[in-house]
Number of protein chains: 2
Amino acid sequence: MQQVKAIDNHTSSNSGDFLKSVQLFGECTDKEVDLLLEGHILERCTKGKMLFVSGDNAERYYVIKNGWVKIFRETLDGAQAIIDILTEGHTFGETSIFEENTYPYSAEVVEPSEILSLSLRKLRYLIENNPKFALSMLSSMARYRRQQDTEIEHRSLQNAPQRIGCFILRLMPNQNEAKGRPITIHLPYDKTLIASRLGMQPETFSRALSKLKDATGINIKGSTLEIQSIDPLIDFSCSACTSEFPCKDLGCKSCV
Amino acid sequence: MQQVKAIDNHTSSNSGDFLKSVQLFGECTDKEVDLLLEGHILERCTKGKMLFVSGDNAERYYVIKNGWVKIFRETLDGAQAIIDILTEGHTFGETSIFEENTYPYSAEVVEPSEILSLSLRKLRYLIENNPKFALSMLSSMARYRRQQDTEIEHRSLQNAPQRIGCFILRLMPNQNEAKGRPITIHLPYDKTLIASRLGMQPETFSRALSKLKDATGINIKGSTLEIQSIDPLIDFSCSACTSEFPCKDLGCKSCV
DNA sequence: AGATTTACTTGATTAAGGTCAAGGCAAACG
DNA sequence: CGTTTGCCTTGACCTTAATCAAGTAAATCT
C-alpha cells in the first residue's frame, strides 16, 4: 500500500549534518550526534504512510527532514482531532521517553516526506548524561508549549476567516521582510487538511477563504495565493489575537 | 486593593515539606530544596490579586500551595483567552527560564490562595547541575503537553454540555473509586470562570449545565452538584473523546 | 485520451452558540 | 434590616459554522 525505502542506515554523515541543523540538536558534539544516529533509519515516505498509531509501543522518535506529517488522535467513531501538522526540522514521538513508553497520538505522512527515525534509548542516555542537552530539550519543549497555548487561543478568539488569514501569515518564514511587497504562497497540503488543522469543515474553509479574499484583496488560484501586501491580512486576522504579531511561524517555506 | 501577607520567608521547613510533595520536586534532596527555597516568599492572596502580567520581566516562578490561579492572555480590546486554571501543586512561570526572560501570559488569583514564589536563577542552576532534576522537569513538561493536546481535542470534538460533563468528571481525584456510588462535588470557582475555562459564554454555560442535568440526572444546587452515579456522565461526555477514559484530572479535591 | 476517483465549491437548511436585555437570587455592606 | 453589588439564569433574537446534497474541477489510472 505505502511505499517505503530505506535510503541509508549506515553512513551517518548526511544525516549528521542535518541533525545538527535542527534546533534541538544544534549544540550537540560530533560524538553525540554519532551516538544519536546509531541504528537510525532514513525513510522516504509517500502520502498516507502511517508511522505509528496511538498506543503503539514507543522505541523510536522521529525527525522530519522534509515533507509534512499529521499528528492526531481519533475517537471510537472515527472523528479525528488534529493535534498538529509538522514539517522540516520538527521532531515527534520523543516525549514518550517519559511516562508509559507508548505513543499518545498517531502520526501519518500527508505529503511526500523524508523522515529520520532514531532510538529513544540513546536520546534518554544523552539527556541523563549531558545537562546542556537536557536544557536544549527543555527549551524546545517550552517553545512548543507556547505554541500550543497560542493554538488554543486562536481557536477561542478567531473566527474561521481570521484563522485562515493567520495560518497564511504563519506560512511566511519572515514576515518582516514581506512587509509592503507582493508575495506568492503555495498551500503546503490539501485544503481539506488545512481545514481540520484549523478546526473547521472543508465547506466552511472554502467559504471562509473567499470571505478572506473579499476582505483582504488576496488572489486565489487553486493552491496558489498571491498577496499584494500582507498588511490587510494582519489587520484582518491579528486584531482578534493577544499581543505580539506575528504569531510564531508554522516552520515552512511555502512562499516565493 | 488586594491584601497580601508574607507568612514566612526565613523558616523553610514547612515550605520545604510542601515542595517535596510537589511532583516536580519529589526527588530533590534536602540540600537542593534548601537551595531552591533561598529567598522564597509565601504569600496569602485574595481573589483578584495579579501575580504578574504578560510581558513582565521574569525573575521568579510560582508554586501553588492551595487555592486557584488563572493563567491567561488578553487581546488589545480586552477579550481574554484562558490558557489554564491551576491549583495545589501546580507551578507556573518556570518556563520563562528559557527564551526571553519575560512571562508569556498573565496570572491572577481567582480564589483565596497561598502561593510560594521562588527564584528562577536557582531553578536554572539546579537544572544545569543535576541531570536527574532536569529529567523530572522534562517529564513534568511532557505531562503538561499531553494535557494541552487533550484540551485542544476537547475544544474541537465536544459540545458545550459535554465539555461541562468532562470538566466535572475531572474534578474527581480518583474516578475509579467513585464508580457506582453517589458523590457530591463543589464547583471550585465561579461558574462564569468555568465557562471561560471551557471556552464558552456564561449564558451558554448556564443553559448547557441544565441540558447536562436533563441528560444525566445530576442534581444542581448553586455550586453544589449531587451525582448518583458517574456512569451516565461518562456515557454522555466521553463518547465524543478519543481513547482512554478518564481524562487526566484537573488536580483538585472539590468532592466529598 | 477517456474513465474514475478524489478534492473542492456552492447552495439550502439546520443546529449550536453568541449577543442583547431583563429579571432573580444571594452574599456583602452600611 | 433593607440596600447594594455581583453572579447567575432566562428569554428573544442573531450570527456562525455544521450538515446535507449537488455539482464541478482536478488529479490519477489504465
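What you see is a predicted model, and the numbers here were worked out from it, not measured in a lab. Numbers restart at 1 for each chain; the letters A, B, ... are given by sequence-line order, proteins then strands.
- Exactly one of Glu114(B), Glu111(B), Arg44(B), Glu88(B) qualifies for a side chain to side chain donor-acceptor pair (under 3.5 Å) with Asn66(B). That residue is Glu114(B).
- Look at CG on Asp190(A): it is 14 Å from C1' on dT5(C), rounded to the nearest Å.
- Counting 5' to 3', DNA chain D first comes under 4.0 angstrom of a heavy atom of chain A and last does so at the ends given by dA17(D) to dC20(D).
- Here Lys191(A) reaches the OP1 or OP2 of dT9(C): one of its side-chain N or O atoms lies under 4.0 Å away.
- Taking the six-membered ring for Trp and the full ring otherwise, Phe92(A) and Tyr103(A) have centroids separated by 6.0 Å or more.
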Please list, pair by pair, any protein nitrogen or oxygen found under 3.5 Å from a nitrogen or oxygen in nucleotides 20-30 of chain C.
from, atom 1, to, atom 2, distance (Å)
dC20(C), N4, Glu203(B), OE2, 3.1

Which pairs would a plain distance check flag for residues 213-224 of chain A, meaning a side-chain donor or acceptor within less than 3.5 Å of a matching protein atom at least two apart in sequence or in another chain?
from, atom 1, to, atom 2, distance (Å)
Thr216(A), OG1, Leu212(A), O, 2.8
Thr224(A), OG1, His186(A), ND1, 3.1

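- Judged by closest nucleotide on DNA chain D, Leu193(B) is the one of Leu193(B) and Thr204(A) placed further toward the 5' end.
- The nearest whole Å value for the distance from the CG atom in Leu198(B) to the P atom in dA16(C) is 18 Å.
- Shown are Arg146(A), Gln148(A), Gln147(A); of these, the side chain to side chain donor-acceptor pair (under 3.5 Å) with Tyr144(A) is made only by Gln148(A).
- If you measure from atom CD of Gln201(A) to atom P of dA16(C), you get 14 Å, rounded to the nearest angstrom.
- Remark: the Ser117(A) side chain and the Arg60(A) side chain contain an N/O donor-acceptor pair separated by less than 3.5 Å.
- Contacts between residues 154-162 of chain B and DNA chain D, defined by a heavy-atom separation below 4.0 Å, involve no residue at all.
- Axis angle across the helix from dA1(C)-dT30(D) to dG23(C)-dC8(D), with five pairs used at each end and values rounded to 10°: 40°.
- Evaluation of the ring-ring contact (aromatic ring centres under 6.0 Å, His included) rule for Tyr105(A) yields no partner, not counting sequence neighbours.
- The interatomic distance linking Met200(B) (CE) with dA16(C) (P) rounds to 14 Å, in whole Å.
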